[in-house]
Structures are given as structure tokens and as C-alpha cells.
Amino acid sequence: DAGVTQSPTHLIKTRGQQVTLRCSPKSGHDTVSWYQQALGQGPQFIFQYYEEEERQRGNFPDRFSGHQFPNYSSELNVNALLLGDSALYLCASSFIEEADTQYFGPGTRLTVL
Amino acid sequence: AQKITQTQPGMFVQEKEAVTLDCTYDTSDQSYGLFWYKQPSSGEMIFLIYQGSYDEQNATEGRYSLNFQKARKSANLVISASQLGDSAMYFCATLRTYKYIFGTGTRLKVLA
């Protein structure tokens with residue numbers, strides 16, 4: 001039973017570029033949440049997807065967008081990258097009827113130069 | 001608004017000893033849950049233990065226990081018999097409307 005997987009593991013981009021991060025949820029899970037973890041901080045909620053719709057959004061600008069596919073996998077897109085977007089991006093999956101139990105992936109470490 | 005406070009940026013503990021990591025929370029909800037996660041240097045958040053606000057007993061999971069004091073709004077994590085592999089970041093969190101709210105974490109270093 002595969003857990004949550006994320007790709008790529010590491011990514012280096014320059015300011016102004018765009019990036020796409022990918023997440024495959026744990027088998028049987030239908031809900032995907034994305035978090036941003038800056039160095040030395042706790043993770044901050046970006047948004048959550050369920051049934052291919054954005055269910056809830058944290059305090060992040062519109063440069064951050066996402067998508068959920070029919071197979072429940074998800075993408076996080078960030079446009080016009082800023083130096084401050086450098087962080088570990090974590091994906092968490094859950095089953096909608098057990099929202100208290102979220103399983104995290106290993107994260108994608110994004111560096112913006 | 002929900003808030004989690006972890007006041008210990010870093011802690012040291014000798015191998016085989018117990019250690020307590022502090023967490024206080026602020027919430028207006030009557031019913032809530034508190035979580036502790038471990039984050040090794042690899043980055044993955046590993047679930048450790050959960051305490052519901054209406055649970056009468058303190059939660060325990062193996063060497064982990066949660067010292068829940070509702071009146072003080074504290075939910076401290078106790079790790080007994082520390083092991084070298086316990087060296088990691090530890091985050092306290094609560095869940096509200098489907099999203100986790102995390103504290104800033106405590107870095108624990110276990111000394112041999």
C-alpha cells in the first residue's frame with residue numbers, strides 16, 4: 001500500500017519562473033491538501049482539493065493555484081516565483097469522511113534563486 | 001482564531017531519559033483535536049499522537065504520551081526512554097475546518 005508520493009524531490013528555479021509540483025495520494029484517499037513550510041517554521045495551509053474542486057484556501061496569493069484530477073492526484077502551480085517562495089511544499093491526503101487523519105508525503109524542496 | 005504556541009525552539013535530552021515538549025493552544029471551539037507530528041531531516045511529517053478535547057484519558061502511543069491539561073490549554077508531548085532516532089523537529093497542531101494549524105516546532109536532539 002503506497003503512501004503519499006510527491007515529485008520532484010528537489011527543484012531549483014529562478015525568480016519570475018513558474019513551477020508545478022505533483023502529489024499522488026495514499027490509496028483510497030480522495031482529498032489532497034497542500035502546505036508550505038518555510039525554513040524554521042511550521043507548515044502553512046495553502047489549499048485543499050476534493051472532487052476536483054478547491055474546497056478551502058489559506059492566506060496565499062492567486063499566484064498559487066492547484067488542480068485535482070479524476071484519479072485524485074493533484075498539482076500545485078506557482079507563477080511568477082519570488083525568492084520568498086523557497087520552501088518545503090508538503091502534500092497531505094485523507095479520506096473525506098475521516099478528515100482528521102491526514103497523511104503527509106515527503107515534500108518537494110523548492111529553491112528560488 | 002486558532003493558535004498553537006511552542007516556546008522551546010530546541011531541546012537536548014540524554015539517551016534513555018524522558019523529555020517533555022511544550023504546547024499551548026488557543027481556540028474558541030468547544031470540540032477540537034490536538035496532534036503531534038515528528039519531522040526528521042528527510043522532511044516527511046510523521047503522525048505521533050492525537051488527543052480529542054472530550055477524551056477523558058490522556059492519549060498514549062507506545063513511548064509517546066500526551067499530558068493534556070484542558071484548563072491550562074496545554075497539550076505537552078512526553079517521550080519516554082529517548083532514542084537517538086528521536087532526534088527531529090516536533091510540531092504540535094490542531095485541525096480546524098479541514099486544515100492543520102501548526103506551531104513553530106521544537107528541535108529535539110538526543111545525546112548518546
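Order of the sequence lines sets the chain letters (A, B, ...), proteins ahead of strands, with each chain counted from 1.
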inquiry  = Between A/Leu88 and B/Gln39, is there a side-chain heavy-atom distance shorter than 4.5 Å?
reply    = yes

*4.5 Å side-chain heavy-atom contact, A/Phe45 and B/Arg96*: no

Side-chain contact test, heavy atoms from C-beta onward, threshold under 4.5 Å: evaluate it for A/Ser33 versus B/Tyr100 and give yes or no. no

Return yes when atom CZ of A/Arg15 has more than 12 non-hydrogen atoms of other residues, nucleotides or ligands closer than 6.0 Å, and no otherwise. no

(Q) So does A/Gly107 get a backbone contact from the side chain of B/Glu44, meaning a donor-acceptor N/O pair under 3.5 Å? (A) no

Checklist entry - Hey, any chance B/Leu48 and B/Tyr25 share a hydrophobic cluster, counting ILVMFWY side chains that come within less than 4.5 Å of each other, even indirectly? => result yes

Query - Flag side-chain contact, heavy atom, 4.5 Å: A/Gln48 against B/Lys99 - result: no

* Please find out if less than 6.0 Å separates the ring center of B/Phe47 from that of A/Phe104. => no

With a sphere of 6.0 Å drawn around NZ of B/Lys70, does it hold more than 12 non-hydrogen atoms of other residues, nucleotides or ligands? yes

Per-residue tally against chain B (heavy atom, under 4.5 Å) across A/Gln6, A/Arg55, A/Gln37 peaks at A/Arg55

Bottom line for A/Tyr103: the part with an atom under 4.5 Å from chain B's heavy atoms is neither

Shared ILVMFWY cluster between B/Phe68 and B/Val19, side chains joined below 4.5 angstrom?
yes

Original post:
Can you hop from B/Ile46 to B/Leu84 via hydrophobic side chains spaced under 4.5 Å?
Top reply: no

Rounded to the nearest 0.5 angstrom, the CZ-CD distance for B/Phe102 and A/Gln44 is 9.5 Å

If you tally heavy-atom pairs under 4.5 Å between each of B/Tyr50, B/Tyr37, B/Phe35 and chain A, the highest tally belongs to B/Tyr37

Report whether A/Val78 and A/Phe60 are members of the same hydrophobic cluster (ILVMFWY, side-chain heavy atoms less than 4.5 Å apart, transitive linking).
yes

Rounding to 0.5 Å, atoms OG1 (B/Thr104) and CD (A/Gln41) come to a distance of 7.0 Å

Verify same cluster id: A/Val19, A/Trp34 (apolar side-chain graph, 4.5 Å): yes

Are more than 12 heavy atoms from other residues, nucleotides or ligands located less than 6.0 Å from atom NZ of B/Lys73?
yes

